[in-house]
Every structure is written in structure tokens, then in C-alpha cells.
Amino acid sequence: MGSSVTNAATPQKPDKEIQKRTFLIFLVANWILFLITTFFLWYISYPGLYAIQHWLPMIVGAAFILFHGIVMAGFGLIVLTIISKREILFSQRLRNLVLKIYLPLTISAPLTILARRLFNISKEDVQRSFIEVNNYLIQVKRFGLSADKILLLLPQCLQHSDCKVRIAKNILNCKQCGNCQIEEIIRICKPFGVNACVATGGTLARKLIAERKPKAIIAVACERELVDGISDCYPLPVYAILNQRPYGPCADTSATMGRLRSAIVHFLSGKESKQELEQPWAGTA
Ligand code: SF4
């Protein structure tokens with residue numbers, strides 16, 4: 001394509017460094033710490049609970065076992081899905097629940113912060129790893145949606161910083177001059193009939209979702225916004241595409257057009273995608 005932004009884009013991180021296991025290791029480590037903490041709390045509160053009712057420690061203990069059992073089943077299903085490369089029956093809700101409960105805890109937990117410092121892993125690396133896990137769980141699921149049930153949400157910073165055209169209200173106002181990827185995105189979405197919108201912030205994104213009621217979202221944004229968006233939109237599936245920021249944050253960013261197209265095809269097709277959808281860090285298509 002003829003975009004100067006695209007040509008100048010540099011990969012932010014080689015594929016191999018963005019691994020699903022980074023997030024999963026932090027997830028399990030934090031859960032084990034939480035498990036030990038809850039056991040310790042139960043143990044020291046045992047005499048007090050027993051004094052209230054002799055059966056109370058057993059009830060509280062059973063509740064803890066049930067909670068951790070559900071979480072453990074969720075972990076198992078995530079790992080099984082990744083290993084088998086297929087959707088495990090009825091596991092979607094359980095896996096989403098685990099990610100919903102543990103996602104903020106995992107990324108911001110003191111143990112994660114300590115381990116990140118020790119092993120020189122940035123917060124963005126953990127967020128990207130989570131995004132990879134999220135995307136993988138979507139790509140092994142079958143959808144078969146109609147185009148009007150898919151919403152593509154784009155950040156304002158994809159638009160060329162010198163462009164005066166107002167595309168926030170309607171992306172089709174774009175004059176398709178080729179100076180940024182908005183032109184190419186319109187060209188990709190049009191034949192499929194998929195709606196693309198520019199969301200200037202989380203509030204507008206939520207408003208667009210409430211109005212259009214999509215069954216699936218493809219979102220382009222930075223790590224933090226994608227992670228927040230995936231969490232906020234639960235249980236809606238959000239296929240996340242990280243933007244590239246060769247000129248710094250929030251200015252003249254770009255995204256992998258091949259991955260965007262593959263995500264649309266995946267949501268429309270009703271088939272599992274056995275191969276990884278095109279990687280987001282490898283430059284543009
Ligand atoms: S007119 Fe469209 S393609 Fe050209 S810079 Fe503006 S948004 Fe980008």
C-alpha cells in the first residue's frame with residue numbers, strides 16, 4: 001500500500017519473544033500464592049469459626065475448595081485448548097471467568113511486579129502475552145457470524161496526524177488519499193460488509209458496542225487499551241490487534257492489515273483457524 005506510515009513501521013517485538021506461556025506462568029504463580037494465602041487465612045481463623053459454630057470451618061473450607069477447584073479446572077481447560085488446538089466443549093464460559101477474575105490480579109500483582117523486575121520482563125510483555133492467549137482461544141472457536149454482527153474498532157491515532165478529515169463520526173468520510181491505513185481498512189471491510197468505527201476513547205467504544213450490539217469485536221489499540229477492552233467486553237469475544245507505534249504513542253500508528261483481514265474471515269467462516277492468524281508484530285501485510 002502507499003502509506004508512508006506503513007512503510008516506516010518497525011516491528012516492536014519479534015514473534016518468538018511474545019509467548020503465551022509468559023502470561024500463563026504468571027497466572028499460575030499468582031494463583032498458587034492466592035491458594036496458600038487462603039489456606040493460611042482459613043487455618044488461623046479455624047478456632048474463631050469453630051467457636052461460632054463447630055461446622056463453620058468445614059463450610060468455609062468447602063467454599064475455598066470449590067472456588068479453587070473451579071479456577072484449577074479453568075486453567076486446565078486453557079492449557080488443554082492450547083495443546084489440542086481445538087475448542088473444548090462447554091469450556092468457553094469457565095475459561096472466560098478465570099481470565100476475568102485473574103487478569104487484573106495477574107498483571108498488577110506484587111508477585112508479578114517482583115518477577116518482572118527479576119527477569120527483566122516489561123508490563124507490556126505480560127499484556128501482549130495475555131492478548132496472544134485471548135486471541136488463540138478465539139481462533140480455535142467457531143463463529144460463523146453475519147458481517148453486521150462484527151464490529152471493527154479503531155483508534156484515532158491510525159489516522160494520519162496531518163489529516164483534517166473528520167472520520168470519528170463516520171469512517172467513510174475518509175478521502176482515501178493513501179497517507180494512512182484508514183484507506184486500506186475501508187477497502188478490506190467493504191467487500192465483507194463489516195462495520196468499522198473510530199473510537200476516540202473507552203467511553204465511545206462502550207457506546208458504539210451498546211448501539212450496534214455486535215457478537216464479536218476486532219479491536220486495534222495499544223496493549224493497555226486492548227487488555228482493558230477485552231476485560232470490559234466480557235463475555236463478548238474481542239480479537240485484539242496491537243498497533244505499531246514507530247513515532248511514539250498515539251501518533252501515526254499502524255496495524256497488521258493481514259491479521260485484520262484474517263480475523264474478519266475467521267469470525268465469518270464458522271471454522272476453527274488451526275494455524276496462528278497472521279502475527280501482529282511482523283510488520284504490515
Ligand atoms: S483522507 Fe483518509 S487515508 Fe487520507 S490521511 Fe485522511 S484518513 Fe488517512
Side-chain angles (χ1 to χ4, degrees), residues 1-13 124 128 131 135 147-212 214 216-230 233 238-268 277-285:
M1 71 174 269
S3 162
S4 57
V5 174
T6 305
N7 293 338
T10 51
Q12 283 163 324
K13 202 91 171 172
E124 286 73 28
R128 281 178 214 156
I131 290 166
N135 286 351
D148 62 329
K149 294 294 173 199
I150 302 168
L151 179 61
L152 174 60
L153 287 176
L154 306 165
Q156 180 85 58
C157 57
L158 273 183
Q159 183 179 19
H160 196 280
S161 50
D162 290 336
C163 177
K164 301 283 182 259
V165 179
R166 293 168 70 91
I167 57 166
K169 285 223 163 73
N170 184 357
I171 194 175
L172 297 175
N173 287 341
C174 166
K175 304 291 179 216
Q176 306 203 20
C177 71
N179 277 338
C180 72
Q181 286 185 319
I182 298 295
E183 180 212 27
E184 193 173 358
I185 290 169
I186 293 170
R187 272 200 282 119
I188 291 171
C189 290
K190 226 174 184 174
F192 293 113
V194 168
N195 282 317
C197 297
V198 173
T200 46
T203 310
L204 182 58
R206 275 188 286 279
K207 192 167 167 263
L208 285 166
I209 292 166
E211 281 171 9
R212 300 187 181 224
I217 293 168
I218 302 166
V220 179
C222 62
E223 290 90 347
R224 185 178 55 79
E225 289 189 352
L226 288 175
V227 169
D228 288 350
I230 292 166
C233 289
V238 179
Y239 190 86
I241 301 174
L242 188 70
N243 61 9
Q244 296 167 342
R245 305 175 291 273
Y247 305 105
C250 309
D252 294 328
T253 61
S254 59
T256 313
M257 291 297 105
R259 198 169 220 206
L260 195 146
R261 190 187 290 109
S262 305
I264 293 174
V265 170
H266 175 69
F267 280 129
L268 289 170
L277 298 183
E278 197 167 331
Q279 294 295 325
W281 340 101
T284 50

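Atoms within a ligand are numbered from 1 in the order they appear, just like the ligands themselves.
With sequence neighbours excluded, the residues satisfying side-chain contact (heavy atoms from CB on, under 4.5 Å) with N170 are L172, N173. Applying the salt bridge (charged side-chain N to carboxylate O under 4.0 Å, His left out) test to R206 and every residue at least two apart in sequence or in another chain returns D232. Judged as a side-chain contact (heavy atoms from CB on, under 4.5 Å), and not counting sequence neighbours, the contacts of S161 are D252.
Close contacts between ligand 1 and G178 involve ligand atoms 3 (S) [criterion: under 4.0 Å to a heavy atom].
Not one N or O on the side chain of R224 forms a donor-acceptor pair closer than 3.5 Å with the backbone of C222.
Counting heavy atoms from C-beta on, the side chains of V220 and I185 never come closer than 4.5 Å. Contact annotation: the side chain of L153 never approaches that of V238 to less than 4.5 Å [non-hydrogen atoms, C-beta and beyond].
The set of protein atoms (N, O or S) found at less than 2.8 Å from atom 6 (Fe) of ligand 1 reads C163 SG, by chain and number.
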